[in-house]
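Let me begin by presenting the structure, written as structure tokens, before commenting on it.
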Amino acid sequence: MTSIVECRSLCKVYKSGWWSSRSVYALRDINWSVQSGERWVILGPNRAGKSTLLRLIVSLLQPTSGHIYRFGESATKLATLGRVGYVSENALLPAHWSVEGLVRWSGFLHGLRGARLLQRVRSTLEQFDLRHYAVSGIRQLSRGIRQRVALALAWCHQPELIVLDEPFDGLDSSSRVRFQEILSTPLSPTTTYILATHQHDFVRGWATHALVLDNGIQRYCGPISHYDWERTPVVTTNNNENDLQLSQRRTLCDAP
Amino acid sequence: MRRTLAKTCSLVCDFAQSLKYSLLDEWQSVSSGRHLWVLLGAILIATCFCLTVHVTGPGIIQAEGELDVPAQKGELVILFGLVRAELFRGAQEAVHLVHCWLLRWGLGPIGVLLCLTCSAGLLPLFLHSGSAILLFTSPVARWRVVVYKYFAVILIMTALATGFSLSTAASLTLVTGYWPGSGLGGVLVFAVSFAAFWGFSMLIGALSRSSAAALVASVLFWLVCYGVNVSHISQKSYLSEQMTASVLTGLPYWCLPKPADLLVLLSNFIGAQQHFTNFPELLDSGNVFEFNPWWSVISSFSFGLTMALLAGWELRRVEVGFCP
């Protein structure tokens with residue numbers, strides 16, 4: 001069976017400074033496979049590499065080495081992005097659009113046309129309680145509502161893979177509960193989720209698998225039921241180990 | 001046959017829809033910043049200037065005899081009497097002269113450079129915006145995103161140029177009673193001139209991701225192209241037998257946009273040649289050398305489009321939304 005997402009020896013190094021003299025290792029030798037219908041949670045402290053991994057999945061970043069595949073095809077092929085919904089960290093949205101206009105544009109970009117597009121826009125606004133904000137400009141909205149718009153954009157075209165980067169940030173308790181309900185009722189049995197979050201209490205009951213990162217290194221990868229929660233890394237360590245040897249990395253991968 | 005036709009229609013519809021969304025995104029992005037107000041302010045100043053124009057004398061002067069000497073003289077008053085000029089032409093021609101003078105600068109060098117200044121930051125700012133994340137996580141190829149952006153900004157600037165041309169013509173008609181002509185032909189030449197340099201500005205913006213670099217580089221590039229254009233024509237006029245000089249100026253002339261050629265074309269389109277002289281070299285070249293206005297238009301526009309496609313190719317591997 002084709003994996004929905006597959007990473008092979010994936011490494012990401014950020015170069016910065018004059019003449020790219022400074023290297024920051026964000027991910028090191030990640031080997032990971034996601035199958036259809038699985039619900040993955042990516043755990044780890046700040047600067048563990050969670051957001052980098054998600055951006056690599058949706059082709060916003062390019063791997064420094066290694067390979068990443070979406071739906072069995074290289075991530076450089078953008079056609080498969082039509083089957084992916086993505087919510088970025090901090091819900092970065094085009095500020096000058098109206099809510100309805102933005103959802104419609106997103107649906108159009110992901111291949112929806114005509115009456116189907118209008119129907120999906122209407123139902124998505126309904127689903128995320130955004131009907132009252134349909135004509136409001138994004139810049140006028142509070143952070144919580146903006147987060148809901150970001151989620152609506154990811155849901156609108158009913159993707160097979162939904163990638164969520166800290167989706168609970170900025171949501172009040174009632175919106176959080178509403179969104180957790182939406183997450184708990186998948187679009188279809190084959191919808192696959194990849195969620196990066198610090199909300200451990202929710203994902204313990206929701207996720208089927210976990211990938212734990214610490215300082216760019218894969219600490220655990222496998223069923224969430226086998227994960228020892230006491231070992232969750234919480235301390236952010238120095239991220240500038242330029243001379244780290246690949247062979248010395250401690251990768252605990254229990255995935256099949 | 002029917003299937004091919006349906007497929008073509010669907011492709012055209014898709015292109016039109018994509019362009020519509022790009023246009024909306026670009027328009028909202030331009031109008032949310034200060035740049036649009038700068039351009040609208042320039043149009044307003046030109047329109048107000050036209051409202052200060054006053055002409056007296058006969059509408060059309062009939063030439064007398066072989067010497068073409070007018071029978072009556074009129075007066076052109078600008079800026080509420082600050083500038084007064086005796087007219088050796090009819091009042092209608094005087095109004096046309098004022099409009100041509102405005103269009104030659106407004107749709108010519110000043111207009112193009114002002115629009116380039118205002119649009120230079122659009123691509124670098126886009127790469128740091130939420131629009132980039134939305135577009136780059138969709139299945140639309142990045143070069144297509146850039147091409148839609150390229151045409152969207154050209155359409156916006158052309159609409160503003162049309163506004164400039166029509167509002168100045170309307171205000172001149174309002175105060176003098178003579179319609180100087182719409183000057184819409186000149187707007188098309190402006191669109192080509194802007195397109196040629198906007199493509200280059202996009203490429204620099206994509207490479208450097210800096211608004212300042214895109215602005216400085218595109219203005220300098222305009223000056224270089226103007227210099228190359230004029231020197232090629234001068235070389236053809238005065239040094240036509242020197243092979244080395246011919247190659248040195250000819251090669252960049254054929255490759256780069258041709259702002260001086262387009263300026264001559266603009267003058268012809270708005271009928272300014274009856275009031276102003278072009279460079280003598282350019283006029284000569286129009287008769288003797290290979291100055292072909294349509295070839296200048298095609299090559300300048302092709303250059304801009306090629307640069308925009310290169311910017312799209314460059315964005316293929318640009319990383320969006322990270323802070324190391």
Side-chain angles (χ1 to χ4, degrees), chain A residues 12-17 22-26 47 51-52 55-62 76-98 101-102 104-111 113-114 117 137-139 146 149-150 153-154 157 163 165 239, chain B residues 6 9-36 122 125-146 148-149 152 156 209 312-324:
Chain A
K12 179 65 189 172
V13 181
Y14 291 123
K15 303 269 186 190
S16 64
R22 190 168 152 255
S23 298
V24 180
Y25 283 78
R47 297 180 69 84
S51 295
T52 297
R55 285 173 193 158
L56 282 161
I57 292 170
V58 295
S59 298
L60 285 176
L61 299 177
Q62 311 291 332
T76 52
K77 294 194 175 163
L78 300 180
T80 51
L81 280 174
R83 299 156 73 182
V84 181
Y86 172 66
V87 176
S88 67
E89 201 178 7
N90 302 324
L92 191 58
L93 299 170
H96 41 265
W97 281 82
S98 72
L102 192 58
R104 192 179 293 181
W105 187 29
S106 174
F108 177 81
L109 287 171
H110 287 88
R113 298 288 184 272
L117 172 63
I138 300 290
R139 71 170 77 243
R146 236 184 278 180
V149 176
L153 296 182
H157 54 286
V163 179
D165 196 355
N239 215 6
Chain B
C9 282
S10 142
L11 279 174
V12 170
C13 284
D14 250 28
F15 178 80
Q17 287 258 56
S18 304
L19 191 61
K20 183 191 88 177
Y21 281 113
S22 290
L23 200 57
L24 273 173
D25 186 44
E26 219 53 61
W27 171 252
Q28 287 164 352
S29 166
V30 169
S31 59
S32 62
R34 270 172 291 173
H35 300 124
L36 181 70
L122 289 176
L125 284 176
F126 161 75
L127 292 175
H128 298 287
S129 73
S131 295
I133 290 184
L134 184 67
L135 283 162
F136 291 170
T137 54
S138 74
V140 181
R142 292 187 178 187
W143 68 265
R144 285 176 70 177
V145 171
V146 172
Y148 289 134
K149 221 169 210 342
I156 290 170
R209 301 180 75 164
W313 186 78
E314 171 59 28
L315 286 191
R316 201 172 42 106
R317 294 190 66 82
V318 157
E319 301 193 324
V320 177
F322 83 96
C323 305

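Convention: sequence-line order gives letters A, B, ...; per-chain numbering from 1. The shown structure was predicted, so the numbers you read here are calculated from the model rather than taken from an experiment. Only this structure's heavy atoms are used, side chains among them; waters, hydrogens and symmetry mates stay out.
Here S129(B) contributes atom OG and H96(A) contributes atom NE2; the two are 7.0 Å apart, rounded to the nearest 0.5 Å. One distance of note links CZ of F108(A) with OG of S138(B); it measures 10.0 Å at 0.5 Å rounding. Going from atom CD of Q28(B) over to atom CG of L102(A) covers 9.5 Å, rounded to the nearest 0.5 Å. Note that OG1 of T137(B) is 12.0 Å distant from CZ of R55(A), once rounded to the nearest 0.5 Å. In this structure, CZ in F136(B) is found 10.0 Å from CG in L78(A), a value given to the nearest 0.5 Å. One distance of note links CG of L93(A) with CG of L134(B); it measures 8.0 Å at 0.5 Å rounding.
Between P139(B) and H110(A) the shortest heavy-atom distance is CD-CD2, 3.9 Å. Heavy atoms only, all atoms of each residue included: H128(B) and L92(A) are closest at O-CD2, 4.4 Å.
Contact of the V318(B) side chain with the Q62(A) side chain is not registered, since no non-hydrogen atoms from C-beta on lie closer than 4.5 Å.
We find that K12(A) and E319(B) are joined by a salt bridge, their nearest charged nitrogen and carboxylate oxygen being less than 4.0 Å apart.
Note on T76(A), T52(A), V58(A), L81(A): by heavy-atom pairs under 4.5 Å with chain B, the leading option is L81(A).
Relative orientation of the W105(A) and Y21(B) rings is parallel, given thresholds of 30° and 60° on the angle between their planes.
Taking a 6.0 Å sphere around NZ of K20(B), one finds it holds more than 12 heavy atoms contributed by other residues, nucleotides or ligands. Within a 6.0 Å sphere centred on CZ of R83(A), other residues, nucleotides and ligands contribute more than 12 heavy atoms.
Both the backbone and the side chain of S18(B) come within less than 4.5 Å of a heavy atom in chain A. R104(A) touches chain B through backbone and side chain together, each having a heavy atom under 4.5 Å away. Contact annotation for R316(B): only backbone heavy atoms (N, CA, C, O) come within less than 4.5 Å of a heavy atom of chain A. Heavy atoms of L109(A) lying under 4.5 Å from chain B belong to its backbone as well as its side chain.
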